[in-house]
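We use all heavy atoms of the structure for the numbers below, so side chains are in, but hydrogens, waters and symmetry mates are not. Model, not experiment: these values are computed from the prediction.
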Amino acid sequence: MRLRLLAVALVAMMAAPALAHEKFKIVGTVLKVHAEQIDVKAVDGATYEIDFPAHTPVMRKLEKVGRTELKAGVKVVVNALGHDMFDLEATDVQLVD
C-alpha cells in the first residue's frame, strides 16, 4: 500500500511542471481580431497570435466592455497564460486610452 501511494505521489510531482503555465503580459496594438484569436504587435516589434476564447473579458479601466471594442489600431495590454510566446491564451484584455 505504501509503495502504491509513493508511486502515485511521484507521478503527480512529475506531471505538475508539464501542466504549469507561465504568465505573460503583452503591451501593444491590435493588428487583427479573429473569431478566436487576436493578433497584437507588441512594443518590442514582435507580433503575437494569442488565443482569444469567448469567455475572455475585455476591460476599459474597471468596466467590462464588448468584444466589438477591439479593432485594428487599438492599444491594449493582454494578460495571457502559456508554455511559451508561441502558445498563448488571453486571460483578459485591457484597452488603453
Side-chain angles (χ1 to χ4, degrees):
M1 182 68 176
R2 262 192 177 158
L3 186 58
R4 188 180 305 165
L5 286 174
L6 181 60
V8 169
L10 184 60
V11 168
M13 286 180 6
M14 289 173 45
L19 300 175
H21 286 100
E22 298 289 325
K23 293 181 181 179
F24 294 89
K25 183 176 281 196
I26 312 299
V27 179
T29 305
V30 174
L31 292 177
K32 189 168 185 178
V33 179
H34 307 272
E36 294 193 14
Q37 177 180 306
I38 183 172
D39 299 344
V40 177
K41 176 133 184 152
V43 293
D44 66 0
T47 298
Y48 298 97
E49 297 174 348
I50 305 165
D51 292 341
F52 186 47
H55 61 80
T56 304
V58 178
M59 308 291 289
R60 177 176 283 124
K61 297 184 181 173
L62 297 176
E63 188 175 311
K64 193 172 181 180
V65 296
R67 292 169 66 99
T68 57
E69 297 287 322
L70 286 175
K71 298 177 178 132
V74 173
K75 297 195 181 308
V76 293
V77 175
V78 180
N79 290 304
L81 295 175
H83 296 290
D84 56 35
M85 298 303 265
F86 305 105
D87 176 35
L88 297 175
E89 182 174 312
T91 56
D92 68 86
V93 178
Q94 300 169 19
L95 301 177
V96 179
D97 292 327

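Closest approach of P53 and A90 over heavy atoms only: CD-O, 4.1 Å. The shortest non-hydrogen separation linking E22 to H83 is CG-O, 4.4 Å.
With hydrophobic clusters built from ILVMFWY side chains whose heavy atoms lie under 4.5 angstrom apart, V58 does not share a cluster with L31. Residues V30 and V77 are members of separate hydrophobic clusters, defined by side-chain heavy-atom contacts under 4.5 angstrom among Ile, Leu, Val, Met, Phe, Trp and Tyr. No path of Ile, Leu, Val, Met, Phe, Trp and Tyr side chains, each step under 4.5 Å between heavy atoms, connects L81 with M59, placing them in separate hydrophobic clusters. Side-chain heavy atoms closer than 4.5 Å link hydrophobic residues (I, L, V, M, F, W, Y) into clusters, and following such links, possibly through other members, connects V33 to L95.
Of the inter-residue distances, the one linking T47 atom OG1 with K41 atom NZ reads 4.5 Å to the nearest 0.5 angstrom. Taking CZ of F52 as the reference point, atom CZ of R67 lies at 3.5 Å (rounded to 0.5 Å). For the atom pair CD of E36 and CD of E89, the computed distance is 9.5 Å after rounding to the nearest 0.5 Å. Atom CG in D51 sits 6.5 Å away from atom CD in Q37 (nearest 0.5 Å). Rounding to the nearest 0.5 Å places NZ of K23 at 8.5 Å from OG1 of T91.
Between L88 and E49, every side-chain heavy-atom pair lies at or beyond the 4.5 Å cut-off. For the pair Y48/I38, no side-chain contact is recorded, criterion being any heavy-atom separation below 4.5 Å from C-beta on. Counting only heavy atoms from C-beta outward, the side chains of V76 and V96 never approach each other to under 4.5 Å.
Heavy-atom neighbours of E69 CD from other residues, nucleotides or ligands within 6.0 Å: above the threshold of 12.
The side-chain contact (heavy atoms from CB on, under 4.5 Å) with I50 is formed by just one residue from the set V78, D87, T56, V93; it is V78.
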